[in-house]
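The model shown is predicted, which means the values in this text are computed figures rather than measured ones.
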Amino acid sequence: MTDRRALLRSRIAEEFGNLDVRFSIVQAIIGLFPPLVGNRSRVRLLRFAGVRIGRGTTIGGPINIHGAGRPASRVTIGTDCWINMSSVFDASRPITIGNRVAMGHQVMLLTSTHDVGPPSERAGALRDAPIEIGDGVWLGARCTILPGVVVGAGAIVATGAVVTKSVEPNTIVAGVPARVVRTLDSAH
């Protein structure tokens, strides 16, 4: 009987050990709002759940924040940002978003990945690294930012780009993998 109880406790811990009840309830409530309804209420609810969000920031639809433990505590969003709907924040490591950042639909910020493994299991060891998005950045719809990337202030990441390495300030990157398209004037 003791072995069964130990097994049951182990399985429950495995299945629900990372459950953050407050954050789960907040995510469920946010999911009830249609896009572009309750933008500031989403912000208040996410703050209540542990996400650090600056004044003037609005979120235009549900966003998916996940990661082990308490992922909300690893997300910081600056002031006067606009985050569009259906974005994914893999907050296995910290995600820091600067001030006045604009994010299009379905942007993915992924702090974890796998190294390439041997032929028997190509998704090898798990690797994670923080992401930092600088002030004034514009992330186009459906772009993907991979672990360890820093997007410099004033940069633009084009729609659909996959950013595998850090982006210099005041540049436009596009493509898969993202490459510099041009340098922007830093005075505007």
Side-chain angles (χ1 to χ4, degrees), residues 26-27 29-47 49 51-67 71-72 74-113 129-186 188:
V26 164
Q27 287 284 71
I29 293 168
I30 287 172
L32 297 174
F33 298 153
L36 303 177
V37 173
N39 297 351
R40 285 176 173 59
S41 295
R42 275 187 200 89
V43 169
R44 284 187 207 96
L45 286 164
L46 287 169
R47 283 181 183 139
V51 178
R52 289 176 300 282
I53 304 174
R55 295 177 59 87
T57 289
T58 54
I59 299 175
I63 59 174
N64 179 336
I65 300 173
H66 65 273
R74 292 188 290 277
V75 176
T76 302
I77 302 169
T79 60
D80 299 317
C81 294
W82 167 250
I83 298 175
N84 220 316
M85 59 191 242
S86 302
S87 291
V88 174
F89 294 13
D90 164 17
S92 297
R93 293 289 304 270
I95 294 173
T96 305
I97 299 170
N99 301 317
R100 298 170 312 283
V101 171
M103 291 177 57
H105 297 74
Q106 300 177 343
V107 168
M108 296 185 76
L109 304 177
L110 307 176
T111 65
S112 66
T113 188
I131 290 175
E132 184 178 331
I133 309 298
D135 293 344
V137 167
W138 178 11
L139 300 177
R142 290 192 171 180
C143 72
T144 302
I145 311 297
L146 296 181
V149 167
V150 174
V151 178
I156 298 173
V157 177
T159 296
V162 177
V163 183
T164 61
K165 59 184 180 180
S166 291
V167 176
E168 292 295 319
N170 302 307
T171 57
I172 299 176
V173 297
V176 179
R179 291 179 174 26
V180 174
V181 172
R182 72 174 206 206
T183 302
L184 299 166
D185 182 356
S186 61
H188 288 89

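In this structure the side chain of V101 reaches within 4.5 angstrom of the side chain of C81, judged on heavy atoms. No side-chain heavy atom of N39 sits under 4.5 Å from any side-chain heavy atom of V43. By the 4.5 Å heavy-atom criterion applied to side chains, P62 and F33 are not counted as neighbours.
Between atom CG of residue L46 and atom CD1 of residue I65 there is a gap of 5.0 Å, rounded to the nearest 0.5 Å. The distance from atom CD1 of I131 to atom CE of M108, rounded to the nearest 0.5 Å, is 10.0 Å. Annotation: the span from I29 atom CD1 to R42 atom CZ amounts to 12.5 Å, rounded to 0.5 Å.
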Residues 82-98, side-chain donor-acceptor partners within the protein, below 3.5 Å, at least two apart:
residue : atom : partner : partner atom : Å
N84     : OD1  : H105    : NE2          : 3.4
S87     : OG   : V107    : N            : 3.3
D90     : OD1  : S92     : N            : 3.2
D90     : OD1  : S92     : OG           : 2.7
D90     : OD2  : T111    : N            : 3.3
D90     : OD2  : S112    : N            : 3.0
D90     : OD2  : S112    : OG           : 2.6

For residues 134-156, which side-chain N or O atoms pair as donor and acceptor with protein atoms under 3.5 Å away, sequence neighbours left out?
residue : atom : partner : partner atom : Å
D135    : OD1  : N99     : N            : 2.8
R142    : NE   : Q106    : OE1          : 2.3
R142    : NH2  : Q106    : OE1          : 2.8

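Residue pairs meeting the side-chain hydrogen bond (donor to acceptor under 3.5 Å, both in side chains) criterion with at least one partner in residues 175-184, sequence neighbours excluded, are absent.
In terms of heavy atoms, L109 sits closest to M103 at CD1-CE, 4.3 Å. The two residues I53 and I59 make their nearest non-hydrogen contact at CD1-CD1, 4.3 Å. Across R74 and G67, no two heavy atoms sit closer than the pair NH2-C, 3.8 Å. When every heavy atom of R52 is checked against every heavy atom of T76, the shortest pair comes out as NH2-OG1, 3.0 Å.
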